[in-house]
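Right, I'll just put the structure down here and ask away after.
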Amino acid sequence: QVQLVESGGGLAQAGGSLRLSCAASGRTFSRYSMGWFRQAPGKEREFVATISLSGGSAYYADSVKGRFIISRDNDKATVYLQMNRLTPEDTAVYYCAARSVVSDSDIMFLGSAYAYWGQGTQVTVSS
């Protein structure tokens with residue numbers, strides 16, 4: 001089992017930036033594909049980004065592509081989400097999630113595929 005703790009959320013102005021971190025503990029971090037999801041008030045949870053075991057491959061939702069960057073540091077057991085050019089539509093609770101995989105090419109965009117979740121961190125973007 002792996003425990004995930006997000007940090008770095010807060011209030012930002014439109015056009016600004018925030019960097020979220022998700023620290024993992026428990027099992028070997030490098031065996032987990034990591035993802036970021038978000039849930040806005042009154043909306044369903046949605047996929048934001050995911051990164052492979054090695055960090056060599058990353059995928060993004062169309063709504064954040066070109067603005068957000070997911071990365072990971074396996075030595076620090078941490079995954080990051082750099083969020084740039086924020087808009088009010090990015091306001092949500094952001095969750096990191098982990099899934100145990102054996103292949104670097106094993107990538108999933110569905111939240112139901114992820115077994116472990118953090119508690120979430122609020123991101124609020126003002127216009």
Side-chain angles (χ1 to χ4, degrees):
Q1 191 168 354
V2 62
Q3 292 79 42
L4 304 173
V5 178
E6 301 99 334
S7 61
L11 179 64
Q13 290 188 334
S17 299
L18 285 174
R19 188 175 85 152
L20 306 183
S21 300
C22 174
S25 61
R27 296 291 181 89
T28 306
F29 181 71
S30 60
R31 295 179 180 174
Y32 291 85
S33 177
M34 302 298 296
W36 284 98
F37 294 79
R38 67 186 182 186
Q39 187 167 18
K43 295 186 177 181
E44 294 187 352
R45 182 181 62 196
E46 65 174 356
F47 166 77
V48 175
T50 186
I51 191 166
S52 62
L53 294 180
S54 67
S57 298
Y59 300 86
Y60 301 90
D62 288 343
S63 58
V64 306
K65 197 174 297 182
R67 300 188 298 121
F68 290 11
I69 301 172
I70 187 172
S71 61
R72 66 188 294 162
D73 185 332
N74 285 347
D75 291 336
K76 295 182 178 179
T78 301
V79 62
Y80 305 95
L81 186 68
Q82 177 66 43
M83 305 186 295
N84 301 318
R85 304 203 313 272
L86 287 162
T87 74
E89 288 68 38
D90 295 317
T91 295
V93 177
Y94 283 71
Y95 300 90
C96 73
R99 52 187 294 266
S100 179
V101 299
V102 296
S103 170
D104 198 50
S105 62
D106 190 345
I107 296 291
M108 292 292 286
F109 307 133
L110 293 175
S112 57
Y114 291 76
Y116 306 101
W117 293 81
Q119 83 287 352
T121 186
Q122 176 71 47
V123 171
T124 302
V125 183
S126 62
S127 57

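Worth knowing before you read on, the calculation uses all heavy atoms, side chains too, and leaves out hydrogens, waters and symmetry mates.
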- Query: Can you tell me if Ser57 uses its side chain to pair, donor with acceptor, with the backbone of Ser52 under 3.5 Å?
  - Reply: no

- Find the distance between CD (Glu44) and CD (Gln39) and round it off to the nearest 0.5 Å. 8.0 Å

- Message: Taking Gly55's backbone N and O only, do any of them form a donor-acceptor pair with Arg72's side chain (distance below 3.5 Å, no angle check)?
- Response: no

- Over all heavy atoms of both residues, which pair between Ile107 and Ser33 is shortest? Give the atoms and the distance, please. CD1-OG, 4.3 Å

- Query: Does the side-chain contact (heavy atoms from CB on, under 4.5 Å) test come out yes or no for Val101 and Ser103, once each step is laid out?
  - Reply: CA-CA 6 Å; Val101 299; Ser103 170; 5.9 Å; no

- Message: Take a 6.0 Å sphere around CD of Gln3 and say whether it holds more than 12 heavy atoms from other residues, nucleotides or ligands.
- Response: yes

- Report the distance from atom CG of Asp90 to atom OG of Ser63, rounding to the nearest 0.5 Å. 7.5 Å

- Task: For Asp104 and Leu53, indicate whether the former's side chain and the latter's backbone hold a donor-acceptor pair under 3.5 Å.
- Result: yes

- Distance from Met83 atom CE to Ile69 atom CD1, nearest 0.5 Å? 12.0 Å

- Message: To the closest 0.5 Å, what do you measure between OG1 (Thr28) and CG (Asn74)?
- Response: 10.0 Å

- Note on the structure: Here the ring-ring contact (aromatic ring centres under 6.0 Å, His included) pairs for residues 60-104, sequence neighbours left out, are none

- Nearest-0.5 Å distance that lies between atom CG in Leu11 and atom OG1 in Thr91: 8.5 Å

- Item | Gln119 to Val5 - nearest heavy-atom pair and separation | OE1-CA, 3.7 Å

Using a 3.5 Å cut-off and no angle test, enumerate the donor-acceptor pairs between side-chain atoms of residues 110-117 and protein atoms at least two apart in sequence or in another chain.
{"from": "Tyr114", "atom 1": "OH", "to": "Thr50", "atom 2": "OG1", "distance (Å)": "3.0"}
{"from": "Tyr114", "atom 1": "OH", "to": "Met108", "atom 2": "O", "distance (Å)": "2.8"}
{"from": "Trp117", "atom 1": "NE1", "to": "Tyr114", "atom 2": "O", "distance (Å)": "3.1"}

- Query: Under 4.5 Å between side-chain heavy atoms, hopping through other hydrophobics if needed: is there a path connecting Val48 to Ile51?
  - Reply: yes

- Item | Reported CZ-to-OG distance for the pair Arg19 and Ser71, which is rounded to 0.5 angstrom | 7.0 Å

- Nearest heavy-atom neighbours spanning Pro88 and Ala14: CD-CB, 4.2 Å

- Message: Looking at every non-hydrogen atom in both residues, tell me the closest pair between Ile70 and Ala58 and how far apart they are.
- Response: CG2-CB, 3.6 Å

- Out of curiosity, does Leu20 fall in the hydrophobic cluster containing Phe29 (side-chain heavy atoms, cut-off under 4.5 Å, transitive links)? yes

- Can you see which heavy atom on Leu18 is nearest to which on Leu86, and at what distance? N-CD1, 3.9 Å

- Query: Which atom names give the shortest non-hydrogen contact between Cys22 and Leu4, and what distance separates them?
  - Reply: SG-CB, 3.8 Å

- When you look at Val123 and Arg38, which way does the side-chain contact (heavy atoms from CB on, under 4.5 Å) test go after all the steps? CA-CA 9 Å; Val123 171; Arg38 67 186 182 186; over 6 Å; no

- Message: Taking Phe37 as the starting point, is it possible to reach Val93 by hopping between hydrophobic residues whose side chains are less than 4.5 Å apart?
- Response: yes

